[in-house]
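To start, the structure under review is shown below, and the notes come after it.
Start at 1 with the first residue, then count along the sequence.
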Amino acid sequence: KPMAIHGVKFEVEAGAPRDGGGLVGALFGAAGVNAGKADFMVKVDAAELHVPTEYPTIQAAINAAVSGDQVVIAPGTYHETINFLGKGIIVRSSGGAAVTTIDATGLNSSVVTCSGGEGPDSVLDGFTITGGTATDPFGNGSHLGGGMFNSGSSPTVTDCTFTRNLDSGITNVRSSAPIVTDCTFTENAPGMYNNDSIPTVNKCVFSGNMGQGGMYNAYYSAPRVIDCTFSGNTGAGGMFNSLAAPEVIHCTFKWNTARY
């Protein structure tokens with residue numbers, strides 16, 4: 001009769017197979033141990049998945065990643081849209097936003113989507129995000145989130161440039177609370193749209209955005225906006241608030257114009 005093992009912790013070094021059950025079976029199956037009933041935990045170091053040398057697209061690497069991994073993107077322009085799929089992963093460029101672009105022109109979609117309950121460990125770092133035309137996520141004709149669409153999710157966004165996206169650079173809905181730091185929003189319509197959400201926006205620049213202006217806060221949104229600059233925005237001006245209660249700290253507003 002095979003021996004059963006319980007309550008044993010197996011730690012696996014980096015580079016080992018990620019199939020814990022298969023690994024334990026390989027280790028003990030030959031010795032007559034019933035590994036299928038073992039209680040075990042596999043510890044594996046985070047992996048780096050490289051685009052395009054290992055994966056042809058950013059989304060292909062995200063699909064293969066598991067929480068804790070990093071998807072590292074080489075400089076270039078990537079004509080695609082991406083979805084974090086609820087994973088706690090870091091998606092970062094190796095060269096920064098000036099040389100790494102995700103361009104969704106012609107794809108009729110948000111460039112980046114977080115709608116699977118992503119938290120702060122889901123990170124977007126170092127990209128130019130452009131060409132987004134938003135989607136109708138709720139099927140009611142409300143097109144939202146050209147550059148990035150966050151629904152019930154709170155990712156971390158750093159060192160990104162959102163430019164020339166329709167229906168906002170970033171849209172946050174359904175109690176989303178992203179942390180957005182050191183980002184630039186330019187020539188979007190608008191720069192950021194918040195609906196029933198509480199983003200933290202720190203050291204960002206909103207310049208030359210149109211439509212609803214630099215930042216449009218609606219329906220019980222309470223963004224915390226710190227050390228940001230709003231300049232040259234039109235439509236609704238630098239910031240427009242409707243049934244919202246933003247906290248604005250040490251920000252600069254200049255040369256904005258509003259028609260309502």
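- The two residues C204 and D182 come nearest to each other via the heavy atoms SG-N, 3.8 Å.
- I170 has its side chain within reach of N150: a pair of non-hydrogen atoms, C-beta onward, lies under 4.5 Å apart.
- Nearest approach of L124 to I129, heavy atoms of both residues: CD2-CD1, 4.5 Å.
- Using a 4.5 Å heavy-atom threshold, the side chains of I102 and I82 count as touching.
- The NZ atom of K254 lies 9.0 Å from the OG atom of S207; values are rounded to the nearest 0.5 Å.
- A distance-only check finds a donor-acceptor pair linking the side chain of E118 to the backbone of G86 [under 3.5 Å].
- Looking at D125 and T158, their side chains do bring a donor and an acceptor atom within 3.5 Å of each other.
- Between Y78 and I73, some side-chain heavy-atom pair lies under the 4.5 Å cut-off.
- For the atom pair I198 CD1 and S221 OG, the distance stands at 9.0 Å (nearest 0.5 Å).
- Applying side-chain contact (heavy atoms from CB on, under 4.5 Å) to Q59 and the options L85, T81, V71, V91 leaves one that passes, L85.
- Side-chain heavy atoms closer than 4.5 Å link hydrophobic residues (I, L, V, M, F, W, Y) into clusters, and following such links, possibly through other members, connects V201 to F253.
- A distance of 8.5 Å separates OG1 in T200 from CG in N202, rounded to the nearest 0.5 Å.
- Closest non-hydrogen pair, S154 versus A177, comes out as OG-N, 3.0 Å.
- With hydrogens and angles disregarded, a donor-acceptor distance shorter than 3.5 Å links the side chain of N209 to the backbone of N188.
- Separating the CG atom in N233 from the CE atom in M215 is a distance of 10.0 Å, to the nearest 0.5 Å.
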Donor-acceptor contacts, no H, no angles, side chain residues 236-250, under 3.5 Å, sequence neighbours left out:
{"from": "N241", "atom 1": "OD1", "to": "N217", "atom 2": "ND2", "distance (Å)": "2.8"}
{"from": "E247", "atom 1": "OE1", "to": "R224", "atom 2": "NE", "distance (Å)": "3.1"}

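- Taking OG1 from T57 and CD from E80, the interatomic distance works out to 5.0 Å, rounded to the nearest 0.5 Å.
- Not one N or O on the side chain of D69 forms a donor-acceptor pair closer than 3.5 Å with the backbone of S67.
- Checking side-chain atoms of T161 against main-chain N and O of T128 turns up no donor-acceptor pair under 3.5 Å.
- With hydrogens and angles ignored, the 3.5 Å screen pairs a side-chain donor or acceptor of S176 with a backbone N or O of S153.
- The two residues V51 and A61 make their nearest non-hydrogen contact at CG2-CB, 3.6 Å.
- With a 4.5 Å cut-off on side-chain heavy atoms, T101 and T130 count as touching.
- Two residues are said to be in side-chain contact when any heavy atoms from C-beta on lie closer than 4.5 Å; I226 and K203 fail this criterion.
- When all heavy atoms are compared, the tightest approach of K87 to S122 is O-OG, 2.6 Å.
- A46 and G68 get closest at one heavy-atom pair: CB-O, 2.9 Å.
- Put simply, the side chain of T171 never gets that close to the backbone of S168: no donor and acceptor are under 3.5 Å apart.
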- request: Please assess T105 against D103 for the test side-chain hydrogen bond (donor to acceptor under 3.5 Å, both in side chains), listing each intermediate value before the final yes or no.
  value: CA-CA 6 Å; T105 299; D103 185 352; 2.6 Å; yes
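- Contact check for C114 versus M148: side-chain heavy atoms found under the 4.5 Å cut-off.
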task: Would you please test S110 and T113 for side-chain hydrogen bond (donor to acceptor under 3.5 Å, both in side chains) and show each step?
output: CA-CA 7 Å; S110 303; T113 298; 4.6 Å; no
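- Expressed to the nearest 0.5 Å, how far CD1 of I179 lies from OG1 of T156 amounts to 4.5 Å.
- Legend: ring-ring contact (aromatic ring centres under 6.0 Å, His included) pairs involving residues 160-190, not counting sequence neighbours, sorted by first then second residue: F162-F185, F185-F206.
- Using a 4.5 Å cut-off on side-chain heavy atoms (C-beta onward), V111 and F127 make no contact.
- Linking ILVMFWY side-chain heavy atoms closer than 4.5 Å, directly or via other members, places I58 and F84 in a single hydrophobic cluster.
- The hydrophobic clustering, which links ILVMFWY residues whose side-chain heavy atoms are closer than 4.5 Å, places I62 and L49 together.
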